[in-house]
Amino acid sequence: MSARRAPWLLVGAVLLAIVLVVTIAVAVPSLRQGRIGGGPAADSPSVSPPPPPSETLYLTGYDPDPGPLDLGPVTTTNVDPITVSLALGDHAVHTGGAIGLSFDATELASPLWDSSDSNLALTLAELDRPVLRFGGNGVDRRMWWTSSDEAAPGWAEAVVTPESLARVAAVADQVDAEVTISLDLGHDDPARAADMAAHAQEAFGDRLLAVSIGNEPNGFFHENQPQLAVRDKSWGPDAYQDSVREYAAAIEKTAPGTPIAGPGAYDAPWWRAFAEAGIDDEAALTMHWYPLWDCTGPDTSIANPTIEDLTSPALREQARKILGMGRDVATENSLPLWMEETGPTSCPGTNDTSLTHAQALWTVDYAFTAMEEGVSRIAFHSTLQACRGGAPMSPLCASGELEDPGPIVEGRTSYLALMLLGQLPDGQVLSAATSGDGTIIVHGVIDQEGQLALVVLDLRDPSDPSATDAPVRISAPEGTGELAPKGWTLKNASQLTGTALAATESSLHGAAPVTGSLSGAVLERADPLDLASSPGTITVLSLEPVKSD
């Protein structure tokens, strides 16, 4: 996170009560086996003992086997439908293994990684081959790396060793994750950073996407935050570029061929400083951005940490502008663009957007907006701190006390959103044009087999009595060639819902067959798909190509 930022994170265990609070065990394959919920099962000779917490998923609101989803078209005829056109572009970003979590580098030392007492790996496995990134403010200020058991300096709050990396790598193997790791630039020790890169290369192998030299170097000196300074006022993009070259040379000597990404910054001059440094093995241009940064801004600001600003279509347009700037620099330098650290707001502590259904809606919309603008990897900043008293914006948190978070983690509303994104096919993101005021928007993905996913997202408040179902008309995507020459048939659907934008819980209805008037609906080139969008919902429609005769 930047020098302006503080961490954020929610909610307790999921209790599924039937009559006398009997907890239901849900069996799921591979790493996902375990149960949804928590609490002891009722004493009964006919009830199997519940699995231990380390084999239990704590995901409030998630129903993995909900039964059919009843969907139907809008019956109102006096309202013009929202119209949607989709197209497959020449440089569309690929989904699949593109979205995940960012952690502070100090969390590399957490005992939760590869612990038989923790459900962390089980929970991460609910995502789709997640990206795991380690950086944050701690890497340059509080993390100490050693491969030779040296005594840690007084400033170190976390000691990371080769054994730490091996534990994280074991979890990455279990959940099929790829990893990026930031190296300490704050203490200006290229040899030590190169040693960490070498051990990361050994621990993660092909799962290591890249290392990054420092975290948000543009935050190394702020006159108004001297407590966070790791450089003096002479520091700037030119000095950073010199340091990148020095570090890259040390990495090439100690760990040749290690991919390097950067700068992990939120200002264009720093993006250019990295991209134009001329180092070998450049892997990607990396950005950080928190859209609601105006912590005490005026009402006219669109970046206040409020639900109103978080769900405003204006924020989406601002995201397109900022992300487009990063994409342009990346394209000029023939580099992919990664969003290595992001979240709703950089404002410290709890605010109106914390722990809300609105955050879940924003997470999906922002992820798609970023991919549509050319961002190929996205990591939402998270922590393993306690749910109560820890970081309120994190998709993930630990169930223990603030001073003793414990080994059991829980997923919040935005974690359900990431799980929903994981249900998408591995394909290419479609560009979309949606009519209306932007509160209802449609995104899409198509894979090489012609499987099509349509994501209908409605930012309206479901607690508003004037908000009713709205008609949406989706035309068949253009530019898909022979992937589905005759059209698509609706196969199944999943849905994320909430009772209000301000609600502290969301509900995720797992993928299931569709019943109602949309059962078996067909989307053809000359025949759009009509459906209803309900306020505060995200509906994912999975369609398969109609087989040719």
Side-chain angles (χ1 to χ4, degrees), residues 74 79-87 289-294 297-327 339 342-347 351-353 356-375 378 380 413-414 417 420-421 429-445 454-464 466-475 496-498 500-503 506 531-540:
V74 165
V79 178
D80 290 335
I82 301 293
T83 59
V84 182
S85 59
L86 302 160
W289 191 54
Y290 292 78
L292 302 183
W293 54 267
D294 204 354
D299 291 342
T300 54
S301 172
I302 63 169
N304 292 307
T306 63
I307 286 177
E308 181 181 10
D309 282 0
L310 186 65
T311 56
S312 169
L315 194 66
R316 184 189 304 124
E317 296 311 307
Q318 180 69 1
R320 294 193 188 283
K321 176 182 176 181
I322 299 296
L323 297 171
M325 293 167 58
R327 180 201 59 226
M339 179 61 71
T342 192
T345 176
S346 55
C347 300
N351 55 59
D352 291 349
T353 66
T356 60
H357 180 57
Q359 185 180 349
L361 299 177
W362 171 84
T363 297
V364 173
D365 191 31
Y366 177 73
F368 264 105
T369 299
M371 290 188 290
E372 289 165 3
E373 291 301 314
V375 178
I378 308 165
F380 290 86
T413 60
S414 56
L420 185 73
L421 289 166
V429 176
L430 301 171
S431 60
T434 306
S435 68
D437 63 2
T439 55
I440 299 173
I441 192 164
V442 175
H443 305 285
V445 174
L454 300 173
V455 182
V456 183
L457 191 146
D458 196 321
L459 294 173
R460 295 175 298 158
D461 194 340
S463 66
D464 181 353
S466 67
T468 59
D469 286 359
V472 177
R473 177 166 295 166
I474 305 174
S475 297
L496 183 75
T497 62
L501 293 181
S506 300
L531 66 149
S533 177
S534 298
T537 63
I538 304 174
T539 305
V540 177

Ignoring hydrogens and geometry, is there a side-chain-to-backbone donor-acceptor pair from [X] to [Y] under 3.5 Å?
X: S301; Y: G297; value: no
X: R316; Y: G438; value: yes
X: D461; Y: L501; value: yes
X: S414; Y: A417; value: no
X: S431; Y: A87; value: yes

Test log, rule side chain to side chain donor-acceptor pair (under 3.5 Å), inputs S475 and S85: CA-CA 5 Å; S475 297; S85 59; over 6 Å; no
Any side-chain heavy-atom pair of [X] and [Y] under 4.5 Å:
X: L315; Y: Y366; value: no
X: I474; Y: L454; value: yes
X: L457; Y: I440; value: no
X: I538; Y: V456; value: no
X: V455; Y: F368; value: yes
X: C347; Y: D294; value: no
X: L310; Y: L292; value: yes
X: V540; Y: L420; value: yes

Residue list, salt bridge (Lys or Arg N to Asp or Glu O under 4.0 Å) with [X], at least two apart or on another chain:
X: D309; result: none
X: E372; result: R320
X: D458; result: R460
X: E308; result: none

In Å and rounded to the nearest 0.5 Å, what is the [atom1] to [atom2] distance from [X] to [Y]?
X: T345; Y: W362; atom1: OG1; atom2: CH2; result: 9.5 Å
X: H443; Y: T369; atom1: NE2; atom2: OG1; result: 5.0 Å
X: S533; Y: L459; atom1: OG; atom2: CG; result: 9.5 Å

Taking all non-hydrogen atoms of both residues into account, name the closest pair between [X] and [Y] and its distance.
X: L421; Y: A367; value: CD1-CB, 3.8 Å
X: D469; Y: S534; value: OD1-OG, 2.8 Å
X: G436; Y: I82; value: CA-CD1, 4.0 Å
X: E373; Y: G324; value: OE1-CA, 4.2 Å
X: P462; Y: G536; value: CD-CA, 3.8 Å

Which residues share a side-chain hydrogen bond (donor to acceptor under 3.5 Å, both in side chains) with T353, sequence neighbours left out: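 If we apply the side-chain hydrogen bond (donor to acceptor under 3.5 Å, both in side chains) test to T353, skipping adjacent residues, the hits are N351.
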Q318: side-chain hydrogen bond (donor to acceptor under 3.5 Å, both in side chains) partners, not counting sequence neighbours: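 Counting only residues at least two positions away or on another chain, Q318 forms no side-chain hydrogen bond (donor to acceptor under 3.5 Å, both in side chains).
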[X] side chain to [Y] side chain, donor-acceptor N/O pair below 3.5 angstrom:
X: Y290; Y: T342; answer: no
X: H357; Y: T413; answer: no
X: S435; Y: T83; answer: yes

Full working for side chain to side chain donor-acceptor pair (under 3.5 Å) between N304 and T306: CA-CA 6 Å; N304 292 307; T306 63; 5.5 Å; no
